[in-house]
Amino acid sequence: MTSVPELPEVETIRRQLEPRLVGRAIVDAGSHPSPKFTPAIELVGATFEAVRRRGKFLLLGVDDDRELVIHLGMTGRLRPGADFDDPYLRAWWRLDDGATIGFSDVRRFGRIRVAYNHRYDGTLAVLGPEPFDDSFTPDHLYRSLRSSSRHLKTQLLSQRPVAGVGNIYADEACFRAGIHPATRRISRPRATALHEAIVHVLRQGVDNGGTTLRDYLDADGRSGANQHHLHCYGRYGEPCVDCGTVLRRSTIDGRTTTWCPTCQTR
DNA sequence: CATGTCGCCTGCGAGC
DNA sequence: TGCTCGCAGGCGACAT
């Protein structure tokens, strides 16, 4: 069992960093030599003006429309108080109030870059709507999912139908909606149910301060509480909370997936 | 353009 | 108990 920072975990960190960063200038910075992390030092001298989030990306904006774009990858942690004895410290920033921020990442799947004038590339450039925005509607979800015949789970992980869903919340949302994750064509009523489920599981994740399984800790080094509310993810071999059927596990397009063979239908 | 495959990383659990 | 081996997984590069 592992865990990955998804939207609720990144939002939890965003809320904790915001009051510590806004209005603070960067007086020094350092990074691991990998080009995945060296952009961390590019904004020395600039002042943070906003701490935003898009999907699983943190956008730390400074006063001249540049942004530090940070993705936590699999094992990334971003927190106040850089630990310089941590062998996995990949980047750090020192602020004009003397505080430090550290980015620690065991597996180095995380990534830091600088964006200019809100121009993005890669996944960030094609990200779907934020799940809590008015633009994320059942109709949008239906049309987005119908535009591709890939497995439902794969589409959700692509970040295009909606931003911020990873393996945990994809499984949880499919379970709540009663839809098999390998479905390729979804009906309008089921898209509406899935829309409700996505918003619900992500909102619950945020309200619980994120999910802690093994790797994830929030900006203050605390764990979240959402792992106590998971109905599906990581519970293969255990009984379904709704019907008692043993939950099944397989891979869909290479991603481990858990589902209830009774409650979730194609 | 849509889709599919591979590589990046390293700790750790399964199995012997 | 001690060891090896392969899994886990979001994203981006690349091929078709």
Side-chain angles (χ1 to χ4, degrees), chain A residues 1-11 13 31-40 53-59 68-78 86-91 103-115 119-128 130-131 143-174 181-185 198 202 205 210-217 227 230 232-238 248-259:
Chain A
M1 186 182 293
T2 181
S3 82
V4 177
E6 302 183 29
L7 185 149
E9 292 71 39
V10 177
E11 176 60 22
I13 292 171
S31 85
H32 182 278
S34 164
K36 287 180 172 184
F37 305 110
T38 52
R53 177 193 56 72
R54 272 288 278 139
K56 306 174 198 174
F57 293 85
L58 276 169
L59 306 174
L68 214 42
V69 178
I70 299 177
H71 195 289
L72 300 176
M74 302 283 295
T75 55
R77 299 177 190 175
L78 191 61
D86 174 7
Y88 306 117
L89 186 70
R90 308 304 186 189
F103 181 72
S104 179
D105 184 10
V106 171
R107 292 188 198 173
R108 285 193 261 157
F109 272 33
R111 190 184 175 98
I112 298 171
R113 36 191 159 154
V114 174
R119 294 176 55 86
Y120 309 117
D121 54 15
T123 300
L124 187 52
V126 297
L127 222 46
E130 284 296 312
R143 284 187 285 105
S144 176
L145 292 174
R146 275 300 185 117
S147 73
S148 164
S149 60
R150 305 197 77 184
H151 294 123
L152 170 59
K153 170 87 176 261
T154 303
Q155 291 204 58
L156 291 176
L157 296 182
S158 78
Q159 307 299 299
R160 288 170 181 261
V162 59
V165 175
N167 214 24
I168 298 173
Y169 296 97
D171 278 7
E172 291 298 309
C174 288
T183 297
R184 288 185 185 271
R185 291 176 77 250
I198 290 168
L202 291 175
T211 298
T212 296
L213 295 174
R214 192 179 63 216
D215 295 319
Y216 166 76
L217 295 173
Q227 62 276 13
L230 299 180
C232 180
Y233 179 86
R235 293 193 65 247
Y236 62 92
E238 296 178 37
R248 207 171 282 171
R249 179 179 71 162
S250 70
T251 52
I252 295 175
D253 293 334
R255 298 298 173 226
T256 300
T257 302
T258 304
W259 80 97

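We name chains A, B, ... by the order of the sequence lines, and we start the count at 1 in each one. Nothing here was measured: the structure is a model prediction, and the numbers come from that model.
As a whole-Å value, the separation of A:K153 NZ from B:dG4 C1' is 18 Å. Atom CZ of A:R113 and atom C1' of C:dG12 are 9 Å apart (whole Å). Protein atom CG of A:L72 is 13 Å distant from nucleotide atom C1' of C:dC11, rounded to whole Å. In this structure, A:D86 places its CG atom 12 Å from P of B:dG11, rounding to the nearest Å. Protein atom CD1 of A:I252 is 16 Å distant from nucleotide atom C1' of B:dG4, rounded to whole Å. Taking atom NE2 on A:H71 and atom P on C:dG12, their separation rounds to 7 Å, with Å as the unit. Distance, A:L157 CG to C:dG9 C1': 10 Å, rounded to whole Å. In this entry the distance linking CD of A:Q155 with P of B:dA2 reads 11 Å, nearest Å.
No more than 12 heavy atoms of other residues, nucleotides or ligands lie within 6.0 Å of CZ in A:R185, so this atom counts as exposed by the packing criterion. By the neighbour-count criterion of 12 heavy atoms within 6.0 Å, atom CZ of A:R54 is densely surrounded, having more than that number from other residues, nucleotides or ligands. Counting non-hydrogen atoms of other residues, nucleotides and ligands closer than 6.0 Å to OH of A:Y236 gives a total of 12 or fewer.
Distances shown here put every side-chain N or O of A:T123 at or beyond 4.0 Å from the OP1 or OP2 atom of C:dC11. At C:dG9, one or more side-chain N or O atoms of A:T256 fall inside 4.0 Å of OP1 or OP2 (strictly under the cut-off). Within the 4.0 Å cut-off from OP1 or OP2 of C:dC11, at least one side-chain nitrogen or oxygen of A:Q159 is found. The shortest distance between the side-chain N/O atoms of A:Y233 and the OP1/OP2 oxygens of C:dG9 is below 4.0 Å.
At a cut-off of 3.5 angstrom, the base of C:dG10 holds at least one donor-acceptor pair with the side chain of A:R255.
Relative to the side chain of A:V106, the nucleotides C:dC11, C:dG10, B:dG11 differ in distance, and B:dG11 lies closest. Taking only side-chain atoms of A:M74, from C-beta outward, the nucleotide of B:dT10, C:dG9, C:dG12 with the closest atom is C:dG9. Among the nucleotides B:dG11, C:dC11, B:dT3, the one closest to any side-chain atom of A:S148 is B:dT3. Between B:dC8, C:dA8, C:dC11, one nucleotide has an atom nearer to the side chain of A:R107 than all others, and that is C:dA8. Side-chain proximity of A:Y88 to B:dC9, C:dG9, B:dG11: nearest is B:dG11. Side-chain atoms of A:R150 lie closest to B:dG4 of the nucleotides C:dA8, B:dG4, C:dC11. Comparing atom distances between the A:R108 side chain and each of B:dG11, B:dC9, C:dC11 picks out B:dC9 as nearest. Among the nucleotides C:dG12, C:dA8, B:dC9, the one closest to any side-chain atom of A:K36 is B:dC9. Of the candidate nucleotides B:dT3, B:dT10, C:dG9, B:dT3 has the atom lying nearest to any side-chain atom of A:S149.
Using a 4.0 Å heavy-atom distance criterion, A:R160 is classed as making no nucleic acid contact.
A salt bridge is defined here as a Lys NZ or Arg NE, NH1 or NH2 lying under 4.0 Å from an Asp or Glu carboxylate O, and A:E6 with A:K56 fails to meet this definition. Under the 4.0 Å criterion applied to side-chain N and carboxylate O atoms, A:D121 and A:R113 are assigned as salt-bridge partners.
Ring-plane geometry between A:F37 and A:F103 is classed as tilted, the angle between the planes lying from 30 to 60 degrees on a 0 to 90 degree scale.
Here A:F109 does not pack flat against the base of C:dC11, since the 5.5 angstrom centre distance and 30 degree tilt limits are not both met.
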